Amino acid sequence: MPAFSDTLVDRLASASRVVVLTGAGISAESGIPTFRDPDGLWEKFDPQELANVEAFLDNPELVQGWYRHRRQLVEEAEPNAAHRALADLETHIDALTVVTQNVDALHTRAGSSDVVELHGNITHNYCMDCERPAEASTVDAAIAEGVPARCPECDGLIRPDVVWFGEQLPPAAIERAGTAAERADVLLSVGTSAVVYPAARLPLVAQEHGAYVAEINPDTTGITEAVDESIRETAGAVLPSLRDAVAAPHDA
Ligand code: APR
């Protein structure tokens, strides 16, 4: 007995536009720690010490080193069955947009073609002053020497291309995500605790505009009470069978 309803399958199979909002939970099965689970990143590190501009300027080597560690985890990780199922699902739906809070680039590596990275991409770095892209090897070399990584062009500090607490999300990404949510026939919220805004508002925006909203998460979240369907399972358990159900030819 699948964990999801026939209604969800029918709504997906007949949808023109689908949005899938994802969070750290979809990458958990790739071995990448989430933020707020019991063994999550924020259990071990204080975001106020690492994921904001003041902390970075106060100790650039520490922050550059932490993001390098997380970048290496991401580069060693592989997309999992949930990422791949979303990429497959694109072939059965006219327009499927993945709006991710994750910075691990695993949706793109899995083959999803329309991905909005709300919080940036940890494999990219840039100079804080001239904003030129910076090679990861420049960061790695500086860390190996025990000095802050600096731009070869203007000597500015190099930072990861991720959104830190207190920073604005990329306006173009927010615009694309908001428009997609307003137009969606179905929105799936997968592997997010739905406590960080503006991402957490997207399921409610979609629902206000008529979308059917389902959540895939073994735990309850900030939006569980509001969604049309809450599937209390892991992404890796649900998305492959949901893809199969949507792809299965309808009974004549
Ligand atoms: N499948 C689906 N969901 C899962 C799985 C899984 N295998 N494992 C864990 N989860 C769920 C947890 O129950 C939790 O609700 O994933 C969610 C992860 O929540 P968070 O750790 O808060 O991650 P996220 O929602 O992505 O955080 C949002 O907060 O710190 C910032 O910028 C950071 O993008 C991040 C944002």
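This one's a predicted model, so the numbers in the text were calculated from it and none came from an experiment. Both ligands and their constituent atoms are indexed starting at 1 by order of listing. Hydrogens, waters and symmetry mates play no part in the numbers below; they use all other heavy atoms, side chains included.
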Against ligand 1, does Pro218 come closer than 4.0 Å with any heavy atom? yes

Quick one: look at Val196 and ligand 1, take heavy-atom pairs under 4.0 Å, and tell me if it's side chain, backbone, both or neither. side chain

Contact atoms of ligand 1, heavy-atom distance to Asp219 under 4.0 Å: 13 (O)

Please state which part of Phe165 comes within less than 4.0 Å of ligand 1, counting heavy atoms only: side chain, backbone, both or neither. side chain

Relative to atom 34 (O) of ligand 1, which among His119, Arg232, Glu215 owns the nearest non-hydrogen atom? His119

For atom 15 (O) of ligand 1, what is the closest protein heavy atom, and at what distance to 0.1 Å? Asn217 ND2, 2.9 Å

Please list the nearest protein heavy atom to atom 6 (C) of ligand 1 with its residue and the distance rounded to 0.1 Å. Gly25 O, 3.3 Å

Tightest non-hydrogen contact, residues Ile158 and Gln64, listed as O-NE2, 2.8 Å

Ligand 1 and Ala194, any nitrogen or oxygen pair closer than 3.5 angstrom? no

Distance (rounded to the nearest 0.5 Å) between Arg17 CZ and Thr179 OG1: 10.0 Å

Relative to the heavy atoms of Thr34, which atoms of ligand 1 are at a distance of less than 4.0 Å? 21 (O)

Check: Phe35 N/O within less than 3.5 Å of ligand 1 N/O: yes

Side-chain heavy atoms of Val19 within contact of Leu188, under 4.5 Å: no

Going through the distances and angles, do Glu215 and Ile223 end up as a side chain to side chain contact (heavy atoms under 4.5 Å, CB included)? CA-CA 8 Å; Glu215 174 178 62; Ile223 56 168; 3.4 Å; yes

For the residue pair Thr221 / Ser193, report whether a side-chain donor-acceptor contact shorter than 3.5 Å exists. no

Step by step, would you call Leu50 with Phe165 a side chain to side chain contact (heavy atoms under 4.5 Å, CB included)? CA-CA 10 Å; Leu50 292 169; Phe165 287 102; over 6 Å; no

Taking the inter-plane angle between the rings of Trp66 and Phe45 on a 0 to 90° scale, is it parallel (under 30°), tilted (30 to 60°) or perpendicular (over 60°)? tilted

If you measure from atom 1 (N) of ligand 1 to every heavy atom of Ala235, Ala237, Ser30, which option wins on shortest distance? Ala235

N/O of Gln101 under 3.5 Å from N/O of ligand 1, yes or no? yes

Ligand-side contact atoms (ligand 1) for residue partner Gly23, heavy atom cut-off under 4.0 Å: 26 (O)

Which heavy atom of the protein is the closest neighbour of atom 23 (O) of ligand 1, given with residue, atom name and distance? Ala24 CB, 3.6 Å

Any salt bridge between Asp185 and Arg11, counting N to O under 4.0 Å? no

For ligand 1, find out whether one of its N or O atoms is nearer than 3.5 Å to an N or O atom of Thr220. no

Test your reading of the structure: does Thr234 have an N or O sitting under 3.5 Å from an N or O of ligand 1? no

So Val115 and Thr100, side chain to side chain contact (heavy atoms under 4.5 Å, CB included) or not? Walk me through it. CA-CA 7 Å; Val115 181; Thr100 190; 4.0 Å; yes

Are a donor atom and an acceptor atom from the side chains of Ser113 and Glu90 found within less than 3.5 Å of each other? yes

His107 and Thr22: side-chain donor and acceptor closer than 3.5 Å? yes

Counting non-hydrogen protein atoms only, what is the nearest one to atom 9 (C) of ligand 1? Give residue, atom name and distance. Asp37 OD2, 3.3 Å

Among non-hydrogen protein atoms, atom 27 (O) of ligand 1 lies closest to Arg36 NH1, 3.0 Å

Give the single entry among Leu41, Thr100, Thr192 that approaches atom 24 (P) of ligand 1 most closely by any heavy atom. Thr192

CA sep, side-chain torsions, deciding dist, call: Thr224, Arg232, side chain to side chain contact (heavy atoms under 4.5 Å, CB included): CA-CA 10 Å; Thr224 301; Arg232 208 59 56 80; 3.5 Å; yes

Of all protein heavy atoms, the one nearest atom 17 (C) of ligand 1 is Gly191 O, 3.5 Å

Got a salt bridge between Asp140 and Arg71, using NZ or NE/NH1/NH2 to carboxylate O under 4.0 Å? yes

Who's the nearest protein heavy-atom neighbour of atom 30 (O) of ligand 1, and how far? Trp42 NE1, 2.9 Å

Ser193 N/O under 3.5 Å from ligand 1 N/O: yes

Give the atom numbers and elements of ligand 1 that come within less than 4.0 Å of a heavy atom of Glu29. 1 (N), 6 (C), 7 (N)

Can you find a heavy atom in the side chain of Val53 that is under 4.5 Å from one in the side chain of Met128? yes

